[in-house]
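First up is the structure itself, then whatever we jot down about it.
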Amino acid sequence: MTRWLCLAAVLLLAVPGAARAQYASDAPVQQPPDPASLRTEPQAPLTQEGQLPPAAVPAADEPRSNGAILDGQLRYGAFLSGPGSLSFILHHSVMGALGGFFTQGIANGFSSERSSREAMLAGTLIGAGLGFGSSAWWQFYNWVGKPMGYFGIGNSIIGGMFAAGFMDMLTRDTTALAWASFVGAELGAWLTATIAGGQWPLDDAMLVASGGGWGFIYGALLLAVMHFSGSKISGKTWADALLIAPGIGATALALATMKYDPSPAQILRADIFGVGVGAVVLLLSGLVLGFNQPTPYVLSFLGSAGAIATVSLLWEEAAERPGPLLGLGSTRSKPYRCVWW
């Protein structure tokens, strides 16, 4: 009896183990994951518009950083020092050629005689050679940017006009006037190169050029006001004043660049508004009141000056493209910033 009881107990203990073995054999076997499938490739974050940030965008072909360095800038070429060097050399070469031609031509009355033609030819060649040599030497040792190369031409013209107008008040000798214009043009160009330097900022160059233009415009308006107010002004006075006025305006704004630093957009905007408002006011008031009295010219002067002051002081460039967090975290007491104060 005891033997049968032991056999029954063994059978009862063996049944659950067999069931568990059968269940384990029927269950699907899980393989360990492949380590390669767990690796992910990093992706660059997307911006607000779904575009890659600037750091993730492939950079364009950048200029080589290795090479000859001049005035902290990469030298433009083996002979030309900067992107404005060619304009600088051509400007001085042509100016020297024209100066030599006209000074000798006026001195000889532009005669067709052989001596006169030889003098004009010699003056042209010598002037061009001196202009080319001096400008090439200077730009070889000084980096020349585009503002210097382009706006230096305008300053040369302003300098020649100022010297001619000033000399015309002293003498009417045509030879003296020709030499004064040539020397003034050279001084205007070389003072710009030596004082402003080859790395003349674009905003300063535009401000000086605007000063020359507004000096001419406001000089003409003031002369018109005086003329139609009863003070008759001769043609010589008109010519001398209009030749001198751009130089005064350019010099005044050249001194202003030592304190103020407006952007090129501000300068261009002020010029456009000033010319537009002044021209419209002059045309409308002249058609209504007549151009033979000083009122239209006074209104045009005040209108253009008011337009320039308004857009220069009250135009906030930061409001053109406001940021997503505009006004957050700002501790400034004033909402805007202006270069004029």
Side-chain angles (χ1 to χ4, degrees), residues 68 70-71 73 75-168 170-171 173-200 204-205 208-209 212 243-244 246-247 250-251 254:
L70 182 62
D71 292 340
Q73 301 285 344
R75 191 177 179 88
Y76 194 73
F79 178 73
L80 303 178
S81 65
S85 292
L86 182 59
S87 301
F88 183 78
I89 293 175
L90 291 177
H91 164 215
H92 283 269
S93 300
V94 173
M95 181 173 60
L98 293 177
F101 174 78
F102 281 104
T103 52
Q104 297 303 313
I106 292 176
N108 292 276
F110 292 101
S111 175
S112 59
E113 296 181 358
R114 181 182 179 85
S115 59
S116 177
R117 288 185 282 117
E118 288 178 348
M120 289 187 287
L121 177 61
T124 302
L125 297 178
I126 293 174
L130 291 176
F132 176 80
S134 58
S135 60
W137 176 86
W138 193 89
Q139 66 85 34
F140 188 81
Y141 293 100
N142 298 272
W143 192 85
V144 181
K146 288 184 178 180
M148 166 58 66
Y150 297 151
F151 286 91
I153 300 174
N155 290 351
S156 181
I157 295 174
I158 293 175
M161 292 173 59
F162 182 87
F166 184 80
M167 182 60 67
D168 191 54
L170 303 178
T171 180
D173 183 50
T174 55
T175 303
L177 292 176
W179 277 104
S181 301
F182 177 55
V183 173
E186 289 284 350
L187 285 177
W190 283 109
L191 286 176
T192 303
T194 54
I195 296 178
Q199 303 188 53
W200 197 19
D204 292 350
V208 173
L243 288 173
I244 294 175
T251 303

* Structure fact -> Nearest heavy-atom approach of T171 to L177 is O-CD2, 4.1 Å
* **Spacing of CD1 belonging to I106 relative to CZ belonging to F101, to within rounding of 0.5 Å** => 9.5 Å
* To do: Specify the closest pair of heavy atoms between S81 and V144, including all atoms of both residues, with the distance to one decimal.
  => OG-N, 3.6 Å
* Side-chain donor or acceptor of T124 paired with backbone N/O of G100 under 3.5 Å -> no
* Plane angle bin for F162 and F166 - parallel if under 30°, tilted between 30 and 60°, otherwise perpendicular -> parallel
* Structure fact -> Here the pair of heavy atoms bringing A78 nearest to F140 is O-CE1, 3.7 Å
* Structure fact -> Here the pair of heavy atoms bringing R117 nearest to S112 is NE-O, 2.9 Å
* CD1 of I244 to CD1 of I158: how many Å apart, nearest 0.5 Å? -> 13.5 Å
* To do: Report the distance from atom NZ of K146 to atom OG of S85, rounding to the nearest 0.5 Å.
  => 12.0 Å
* To do: Taking the side chain as every heavy atom from C-beta outward, state whether M148 and Q199 have any pair of such atoms under 4.5 Å apart.
  => no
* Atom of Q139, atom of L70 and distance for their closest heavy-atom approach -> O-CD2, 4.4 Å
* Go through the steps to decide whether L80 and I89 satisfy the test side-chain contact (heavy atoms from CB on, under 4.5 Å), and finish with yes or no. => CA-CA 9 Å; L80 303 178; I89 293 175; 3.9 Å; yes
* To do: For atom CZ of F151, decide whether the heavy atoms of other residues, nucleotides or ligands shown that lie under 6.0 angstrom number more than 12.
  => yes
* Starting at CD1 of I153, measure out to OG1 of T192 and round the result to the nearest 0.5 Å. => 11.0 Å
* To do: Indicate the ring-plane relationship of F88 and W138, choosing parallel, tilted or perpendicular according to the 30° and 60° boundaries.
  => tilted
* Do L243 and D168 touch side chain to side chain, with heavy atoms closer than 4.5 Å? -> no
* Structure fact -> Closest non-hydrogen contact found for P246 with M161 is CG-CE, 3.8 Å
* Expected output: side-chain T251 to main-chain G247 donor-acceptor under 3.5 Å -> yes
* To do: Drop me the distance from H91's NE2 to Y150's OH, to the nearest 0.5 angstrom.
  => 13.5 Å
* About how many Å separate CG of N142 and OG1 of T194, when rounded to the nearest 0.5 Å? -> 10.0 Å
* Asked: Can you find a heavy atom in the side chain of S181 that is under 4.5 Å from one in the side chain of F102?
  -> no
